[in-house]
Number of protein chains: 2
Amino acid sequence: MNINPAAVNAAPKKSGTTMSQMQNVERQLREMILGLEIGPGERLTERWIESRFGASRTPVRAALLRLETEGLIGRDGRGWTVAPINLAELGQLAVYREAVEVAAVRLAAALEDRSGVEVIAAMLDSCDADTPRGEWHRVGMDFHIELARLSGNEFLLRGVRDAMTRLSRARWLEVRDEKALGRAWAEHHAVLAAVREGDADKAARLLSAHIAGSRDRLVTSLHDDRRGLRARGFAVVAA
Amino acid sequence: MNINPAAVNAAPKKSGTTMSQMQNVERQLREMILGLEIGPGERLTERWIESRFGASRTPVRAALLRLETEGLIGRDGRGWTVAPINLAELGQLAVYREAVEVAAVRLAAALEDRSGVEVIAAMLDSCDADTPRGEWHRVGMDFHIELARLSGNEFLLRGVRDAMTRLSRARWLEVRDEKALGRAWAEHHAVLAAVREGDADKAARLLSAHIAGSRDRLVTSLHDDRRGLRARGFAVVAA
DNA sequence: GATACCATTTTGGGATACCAGGGCGGTACC
DNA sequence: GGTACCGCCCTGGTATCCCAAAATGGTATC
């Protein structure tokens, strides 16, 4: 395996960054799962990953354990399975998000230093008609993550980040819909405006509505596309 | 290693339960950390764990990765360190708990089926003067976990469970204080009563106050005991 | 006595060998 | 043809082995 040509996959050696094999495998595998290159419900074998990324089973195993705690993969008896897209989960996730994100935005609204808000607003504005969908997808998630970061609370931040990770695959559907995207962005800006004014209640109310609306849009388009997704071999678990 | 006498530590073969080495190591190591048998801040080496539990490094490493995501251990450069008791973390944890537990208790109060409440109440009542402190400690955490389970929301449940795990070691201090314990139990019962009445707002208010009070009691006694803990070799990070 | 330097040991990261259990396919028997 | 059985193959679980980097400790130099 030392001279395995596949090992060329190894880190592109970014200056100053020494990436371990485990981090490599974890990152690449996560990207493949979140980018739907590996379909929800698909079976994974350690040997396949091993040869795919040119790493031995030791880092592969470590990466799998990490991804399991992120909820991106699960155990199917003895083997590994990419987590299916779960409609019921989306509902529960929205409830959880509302709890942690509202708490975070309230803290953010209470801050004296509002400079972080402008950074986030600029991030939103960096997306325009020419921006590829993948970028909208990423920024849409980062909005919530960065907002949570403003709270200064590591646990709220981690909760939001985990939730967004789990939501990530389903959100590709929302991103496809021009109208839904516009609505989401408007709501994002409205939340930011309330935070800027220091109006915690208003920010909480708006964010809460945004999360519920986002869930509804998602559930609807997922329900509509269920057949299409299944046709592509994606496991979609009903609510 | 096949004939390592330490391997006798292996699973006691409970009927019907086949415990893998990884699960064994993870469980035992977690118990040692949470039970303060391994002090906060202490260094861990994979080789020590390996010989201590009679398992090879593969399951040991898997267990360490798990415990890392639970926040019980962390990396110290290249090595592993038992997470110190962190006063600042307790504050942030209380904020997080308030967010998720209040959300959970509101859902629980909205349930038609209130039978779960009685089970939790019975659990609380199972503790009396003769009950060992370790049991009070466990039940005190399980109260919050089971309450969250009533919500039926997996994410809220996981959030509460994770938070209680992180809090667990510090809570040994609260359990030592008879008065604090009495107050906590009274507050627990009050929350349950509100849930039983279906009064979500009241339950939320009471639980919120309980979490804040618990944090204050904890921070105070931890601050007082800091010297003693440090004398026992426990790393305690100031707020 | 302090400090810089070097050899040795120790540690985590990675690779590989081996094993037991389960799945799958073929075959023989009914 | 159908079904039960048997054995091969693949999988994850585990135990080692090797390696490079980092810690350690001793020593020589100033």
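Order of the sequence lines fixes the chain letters, A, B, ..., with proteins taken first and strands second; residue numbering starts at 1 for each chain.
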Original post:
Does the side-chain hydrogen bond (donor to acceptor under 3.5 Å, both in side chains) test come out yes or no for A/Glu118 and A/Ser115, once each step is laid out?
Top reply: CA-CA 5 Å; A/Glu118 305 315 326; A/Ser115 59; over 6 Å; no

Subject >> Whole angstrom value for the distance that separates P of C/dG13 from CD of A/Glu26 >> reply: 13 Å

Subject >> B/Ala55, nearest nucleotide to its side chain (from C/dT11, C/dG13, D/dA15) >> reply: D/dA15

Original post:
Whole-Å distance between C/dG12 C1' and B/Ile49 CD1?
Top reply: 12 Å

Subject >> 5' priority, DNA chain C, between A/Arg47 and A/Met22 [closest heavy atom] >> reply: A/Met22

Original post:
Does A/Gln23 put a side-chain nitrogen or oxygen below 4.0 Å from OP1 or OP2 of C/dG13?
Top reply: no

Subject >> Residue-level proximity of residues 63-80 of chain B to DNA chain C when a heavy atom falls under 4.0 Å >> reply: B/Arg75, B/Arg78, B/Gly79, B/Trp80

Original post:
Taking only N and O in the side chain of B/Ser56, is any of them less than 4.0 Å away from OP1 or OP2 of D/dA15?
Top reply: yes

**OP:** Kindly indicate whether a cation-pi arrangement holds for A/Arg75 with A/Trp80, taking the cut-offs as under 6.0 Å to the six-membered ring centre and within 45° of the axis.
**Re:** yes

**OP:** Counting Watson-Crick and G-U wobble pairs only, both distances under 3.5 Å, name the nucleotide matched with D/dG2, or none.
**Re:** C/dC29

Subject >> side chain to side chain donor-acceptor pair (under 3.5 Å) contacts touching residues 145-160 of chain A (sequence neighbours left out) >> reply: A/Glu146-A/Arg149

Subject >> Rounded interatomic separation in angstrom, taking CZ from A/Arg43 and P from D/dC10 >> reply: 16 Å

Subject >> Partner residues of B/Arg171 under the side-chain hydrogen bond (donor to acceptor under 3.5 Å, both in side chains) criterion, sequence neighbours left out >> reply: none

Subject >> Nucleotide nearest A/Glu46 (side chain, heavy atoms from C-beta), chosen from C/dG14, D/dG13, D/dT14 >> reply: D/dG13

**OP:** Measure from CZ on B/Arg57 to P on C/dT10 and round the result to the nearest Å.
**Re:** 14 Å

**OP:** Rounded off to whole Å, could you give me the CD-to-C1' distance for the A/Glu50 and C/dG14 pair?
**Re:** 11 Å

Subject >> Heavy-atom closest contact (A/Leu173 atom, A/Ser221 atom, distance) >> reply: CB-OG, 3.7 Å

Original post:
Which value, rounded to the nearest 0.5 Å, describes the distance between B/Leu218 atom CG and B/Leu93 atom CG?
Top reply: 10.0 Å

Original post:
Rounding to a whole Å, what distance do you find between B/Trp48:CH2 and D/dA23:C1'?
Top reply: 20 Å

**OP:** Under 4.0 Å between any heavy atoms, over every strand shown, what does B/Thr58 touch: base, sugar-phosphate, or nothing? Just pick one.
**Re:** base

**OP:** Verify the distance criterion only: is there a donor paired with an acceptor across the side chains of A/Arg97 and A/His144 at less than 3.5 Å?
**Re:** yes

